[in-house]
J.: 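Dumping the structure here so I can ask a few things about it.
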Amino acid sequence: MKEYLLIKNEAITSMNTHFSSLIHKKDLWLCGFDEISYARKNYAIVVDGEIYNKKELKEELHDAQYPPIESLEELFVYAYLYWKEDMMQHIKGAYAFVLLYDDKILAAKDPLGLSILYYHHKDDTLVISNSIQLMLNNAGIKPRLTSKGLLDLFAFGPSVPEDHTILDGIKQLPMGSLMSYKDSLNIKTYYRLKAKKHDDSLTESIDKVRELVTTSIKRQMEDVHASFLSGGLDSSIITAIAASLNKDWRTYSLQYEGNKENFKGNQYQVSLDDTFIEQMKDRYPCDHTALMMTQETLRDKLEDAVLAREFPGMADVDSSLLWLCEQVSQREHIIMSGECSDEIFGGYPWFYREELKDLDTFPWLRSSEERIKLLHQDIKGLDYQAYIQKQYENSIKDISYLPTDTKEDKQARLHTVLCLHWFMQTLVVRQLTMANYADITIRAPFADVDTLEYVYNIPWDMKFYKQNEKGILRKAFEDQLPEDVCWRKKNPFPKTHNPVYAELVASLLKQRYDDPESALHKLFDDKELKKLIDSKGASYTLPWYGQLMSGPQLLAYLYQIDYWIRVYHVDLDLTN
């Protein structure tokens with residue numbers, strides 16, 4: 001990740017900055033920007049991310065008489081000059097950029113929001129960065145957690161609404177959005193999913209899904225020699241396509257010490273991965289590395305995971321990915337992941353389970369009442385339920401439907417939109433920040449606009465082929481996968497089932513509980529918190545978030561909250 005920072009203030013003359021690379025230019029301080037000159041005009045630009053169709057873009061811009069393109073920054077400047085604000089419709093990739101020209105600032109993210117862009121706007125000052133720490137260190141922003149941030153933290157955490165963060169005044173640019181600033185700040189949505197009539201037959205739809213997914217994988221294979229392999233559908237499809245084209249393809253999987261001995265299946269985690277990975281290795285003899293993580297390492301990486309995300313995150317779901325990336329980065333610079341398939345193809349249980357699909361709220365937040373019970377009396381009275389409902393209604397109000405949509409089609413559209421703007425954004429930030437911290441790039445070929453737009457409009461009865469989650473995707477690749485792998489019930493990212501981990505994180509949280517100065521005592525009910533610690537998480541029976549964050553993971557999450565407040569010196573302003 002290329003860190004960047006922009007501080008614009010009309011009153012700037014000099015500045016006491018912590019960051020030696022900041023360059024003073026007129027009323028701006030810049031870090032990480034490149035200057036491009038064209039037609040006697042100067043442009044300052046920073047691009048954070050990757051582009052997958054560089055060759056095609058360069059050819060189009062060459063035909064339009066632009067100079068030979070040597071850098072990603074030049075490509076973006078010329079793309080803007082040629083297509084203006086429509087440029088994002090032509091660029092395929094995972095990116096954010098900030099462009100300065102003619103005293104105007106333009107910033108945007110790719111349509112699916114696969115990069116990070118934070119900003120802070122107050123009075124005559126605008127700050128833009130992809131790093132919270134850079135903003136805090138250099139722009140005079142004080143980290144404050146107010147009642148608004150608490151609503152987000154305890155109603156939605158570890159996810160947040162995609163347009164802001166839990167820190168007061170620090171916002172995010174949402175997916176598919178564009179920011180412009182000259183005399184005032186304007187943000188507009190340039191990309192939104194549209195409902196379209198689907199005329200293809202089932203056979204044609206299956207063929208088209210295979211073509212789109214395969215094309216995206218091939219497009220992203222440049223300079224890549226490896227993929228994660230869990231034995232699940234998505235990573236196995238990527239591995240099958242890539243290994244068929246590259247006989248030296250490498251794969252990596254994550255295992256936990258003691259999982260085999262302690263695994264107990266449930267409705268969300270049906271089986272362990274080992275058997276299915278072996279079947280893939282038999283079919284595609286890749287150079288496979290199984291990486292075994294200890295429970296102590298899983299605990300110890302919780303703090304680094306907070307530093308990587310810069311916020312409390314998904315507890316050991318974050319820390320395990322961070323450790324995995326660190327191990328893989330010793331050999332790889334880029335690796336492929338099956339992330340984002342479930343959002344697009346309807347793989348989560350709330351797409352089809354009867355008790356979840358009709359909920360009039362976010363289906364991955366089923367424990368909101370239990371969450372509130374854990375909180376301190378001073379903040380328990382905030383109207384969390386009303387806030388959740390407001391955000392839910394705002395999220396679904398612009399969904400378009402077709403007159404021919406069945407009830408199931410409408411539900412599928414609704415859940416897809418919710419997942420894209422909430423659940424997927426949380427996972428995207430997780431993958432991006434953990435990878436960046438480990439100095440590796442993760443590519444997610446399922447996060448492809450062409451694939452999304454086509455699959456979004458496939459009728460649910462086709463998508464849910466033979467009553468299987470992601471059934472049409474399974475059918476599309478059944479000839480390229482072992483049968484057991486192809487039709488294996490979905491498993492989420494692997495988590496530990498070893499009871500030792502619960503003991504470790506309970507002990508960790510107990511140390512913080514024993515400190516009377518800990519923020520835990522201001523945020524949580526002491527009796528409920530002690531009960532949670534003493535029971536090693538067992539007193540909280542539902543997942544805190546999604547499918548994975550149950551008892552032990554909740555203990556780890558609360559520890560991350562306390563650690564984040566300490567390390568970032570967050571002021572708890574509970575009166576605002």
Side-chain angles (χ1 to χ4, degrees), residues 2-13 15 17 21-49 51 57 61 64-67 69 71-91 93 95-111 113 115-131 134-135 138-141 163-164 169-192:
K2 181 178 184 178
E3 286 190 340
Y4 60 88
L5 176 68
L6 176 154
I7 305 173
K8 180 175 178 62
N9 187 321
E10 299 296 336
I12 285 180
T13 56
M15 192 172 192
T17 175
S21 298
L22 279 174
I23 298 172
H24 186 205
K25 183 177 181 180
K26 292 184 179 179
D27 59 347
L28 291 167
W29 286 89
L30 299 176
C31 165
F33 283 72
D34 288 298
E35 288 202 33
I36 308 292
S37 296
Y38 176 74
R40 294 193 296 275
K41 281 192 174 184
N42 293 325
Y43 303 85
I45 187 168
V46 62
V47 181
D48 177 27
I51 306 305
L57 291 170
L61 293 169
Q65 306 303 309
Y66 286 95
I69 295 171
S71 68
L72 199 56
E73 290 75 21
E74 287 179 332
L75 189 152
F76 269 76
V77 169
Y78 299 152
Y80 173 72
L81 293 174
Y82 187 46
W83 288 300
K84 300 302 181 187
E85 292 182 3
D86 288 335
M87 61 186 286
M88 285 76 72
Q89 310 290 351
H90 298 265
I91 300 172
Y95 61 86
F97 72 90
V98 185
L99 172 65
L100 285 75
Y101 65 100
D102 295 337
D103 295 324
K104 183 177 180 179
I105 298 171
L106 183 74
K109 291 170 70 169
D110 66 82
S115 193
I116 291 174
L117 191 153
Y118 300 116
Y119 69 97
H120 182 277
H121 181 231
K122 186 176 182 181
D123 300 327
D124 60 351
T125 300
L126 174 66
V127 183
I128 302 175
S129 183
N130 58 353
S131 166
L134 273 181
M135 296 175 79
N138 297 283
I141 301 171
D163 63 348
H164 60 265
I170 298 182
K171 300 182 179 182
Q172 300 184 81
L173 191 64
M175 62 176 276
S177 294
L178 179 148
M179 172 199 296
S180 60
Y181 182 89
K182 191 170 185 180
D183 299 318
S184 62
L185 183 70
N186 295 291
I187 294 175
K188 71 176 185 180
T189 300
Y190 72 81
Y191 180 79
R192 184 174 281 116

J.: Is the shortest heavy-atom distance from the side chain of Tyr101 to the side chain of Asn42 under 4.5 Å?
T.: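 SC-SC contact between Tyr101 and Asn42 ruled out.
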J.: For side chain to side chain contact (heavy atoms under 4.5 Å, CB included), just list the numbers for Leu28 and Ile7, CA-CA rounded to whole Å, side-chain angles, deciding distance to a tenth of an Å, and then say yes or no.
T.: CA-CA 6 Å; Leu28 291 167; Ile7 305 173; over 6 Å; no
J.: Any chance you could lay out the side chain to side chain contact (heavy atoms under 4.5 Å, CB included) test for Phe76 and Ile51, step after step, and finish with the verdict?
T.: CA-CA 10 Å; Phe76 269 76; Ile51 306 305; 3.5 Å; yes
J.: For the CG atom of Leu5 and the OG atom of Ser129, what is their distance to the nearest 0.5 Å?
T.: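 Here the rounded value is 5.0 Å.
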J.: Could you tell me which residues satisfy side chain to side chain donor-acceptor pair (under 3.5 Å) with Asn130, sequence neighbours excluded, listed by chain and number?
T.: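 Partners of Asn130 under the side chain to side chain donor-acceptor pair (under 3.5 Å) test: Asp48.
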J.: How far apart are the C-alpha atoms of Tyr181 and Lys104, what are their side-chain angles, what is the distance that settles it, and do they pass the side chain to side chain contact (heavy atoms under 4.5 Å, CB included) test?
T.: CA-CA 6 Å; Tyr181 182 89; Lys104 183 177 180 179; over 6 Å; no
J.: Do Tyr82 and His90 have ring centroids that are under 6.0 Å from one another?
T.: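 No.
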J.: For residues Ala79 and Ile91, report the shortest heavy-atom separation together with the two atoms involved.
T.: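 Ala79 and Ile91 have their closest heavy atoms at CB-CD1, 4.4 Å.
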J.: Between OG of Ser71 and CD1 of Ile36, what distance do you get to the nearest 0.5 Å?
T.: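 Spacing of OG (Ser71) from CD1 (Ile36) equals 4.5 Å.
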J.: Would you list the pairs meeting salt bridge (charged side-chain N to carboxylate O under 4.0 Å, His left out) in which at least one residue belongs to residues 73-85, sequence neighbours left out?
T.: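 As it turns out, the salt bridge (charged side-chain N to carboxylate O under 4.0 Å, His left out) pairs with a partner in residues 73-85, which skip direct neighbours, are Lys2-Glu73, Glu85-Lys188.
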J.: Run the side-chain contact (heavy atoms from CB on, under 4.5 Å) test against Asn186 and tell me which residues pass, sequence neighbours left out.
T.: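 Applying side-chain contact (heavy atoms from CB on, under 4.5 Å) to Asn186 gives Ser180, Ser184.
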J.: Does the side chain of Leu185 come within less than 4.5 Å of Met179's, by heavy atoms?
T.: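 SC-SC contact between Met179 and Leu185 confirmed.
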J.: Please give me the minimum heavy-atom distance between Leu173 and Ala107, naming the atom from each residue.
T.: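 Closest heavy-atom pair between Leu173 and Ala107: CD2-O, 4.0 Å.
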J.: Considering non-hydrogen atoms only, spot the tightest contact between Asp110 and Tyr190 and give its length.
T.: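 The pair with the smallest heavy-atom distance is C-OH, 3.1 Å.
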J.: List for me each residue that meets side chain to side chain donor-acceptor pair (under 3.5 Å) alongside Tyr43, sequence neighbours excluded, and say none if there are none.
T.: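 Expected list: none.
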J.: Looking at every heavy atom in both Met175 and Pro111, which two are closest together, and how far apart are they?
T.: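 It is CE-O, 3.2 Å.
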J.: Can you find a pair of side-chain heavy atoms, one from Leu30 and one from Leu100, that are under 4.5 Å apart?
T.: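 Yes. Closest side-chain heavy atoms under 4.5 Å.
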J.: Would you name the heavy atoms of Ile170 and Met135 that are closest together and state the gap between them?
T.: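 For Ile170 versus Met135, the nearest heavy atoms are CG2-CE, 4.3 Å.
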J.: Checking His120 now: which residues fulfil ring pair (Phe, Tyr, Trp, His ring centres under 6.0 Å) with it, not counting sequence neighbours?
T.: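 Checked His120 against ring pair (Phe, Tyr, Trp, His ring centres under 6.0 Å); zero matches.
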J.: Looking at residues at least two apart in the chain, or sitting in another chain, which of them share a side chain to side chain donor-acceptor pair (under 3.5 Å) with Lys41?
T.: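 Listed in chain order: Asp102.
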J.: When rounded to the nearest 0.5 angstrom, what distance separates CG in Leu6 from CG in Asn138?
T.: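 It comes to 12.0 Å.
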J.: Mind checking what makes ring pair (Phe, Tyr, Trp, His ring centres under 6.0 Å) contact with Tyr38, not counting sequence neighbours?
T.: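 Applying ring pair (Phe, Tyr, Trp, His ring centres under 6.0 Å) to Tyr38 gives Tyr66, Tyr78.
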J.: Give the intermediate values and the outcome of side chain to side chain contact (heavy atoms under 4.5 Å, CB included) for residues Val77 and Leu75.
T.: CA-CA 6 Å; Val77 169; Leu75 189 152; over 6 Å; no
J.: If you measure from CD1 on Ile128 to CD1 on Ile105, what distance do you get to the nearest 0.5 Å?
T.: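 Rounded to the nearest 0.5 Å, the CD1-CD1 separation comes out at 5.0 Å.
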J.: Not counting sequence neighbours, which residues clear side-chain contact (heavy atoms from CB on, under 4.5 Å) with Ala96? List them please.
T.: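 If we apply the side-chain contact (heavy atoms from CB on, under 4.5 Å) test to Ala96, skipping adjacent residues, the hits are Tyr4, Lys109, Ser115, Leu117.
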J.: Would you please name every residue forming a side chain to side chain donor-acceptor pair (under 3.5 Å) with Glu35, sequence neighbours left out?
T.: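 For Glu35, the residues satisfying side chain to side chain donor-acceptor pair (under 3.5 Å) (neighbours in sequence not counted) are Lys25.
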J.: Could you work out, with ring pair (Phe, Tyr, Trp, His ring centres under 6.0 Å) as the rule, every residue matching Tyr119, not counting sequence neighbours?
T.: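 Tyr119: no ring pair (Phe, Tyr, Trp, His ring centres under 6.0 Å) contacts found.
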J.: Mind checking whether Ile45 and Val98 have side chains closer than 4.5 Å, heavy atoms only?
T.: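 Answer no - side chains too far apart.
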J.: Measure the shortest side-chain to side-chain distance between Trp83 and Leu61 over non-hydrogen atoms and say whether it is less than 4.5 angstrom.
T.: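 In short, these two side chains touch, coming nearer than 4.5 Å.
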J.: Looking at the rings of Phe97 and Tyr80, which for Trp means the six-membered one, are their centres under 6.0 Å apart?
T.: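 No, the ring centres sit 6.0 Å or more apart.
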J.: Can you list everything that forms a ring pair (Phe, Tyr, Trp, His ring centres under 6.0 Å) with Tyr191? Sequence neighbours excluded, please.
T.: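 For Tyr191 there are no ring pair (Phe, Tyr, Trp, His ring centres under 6.0 Å) partners, ignoring immediate neighbours.
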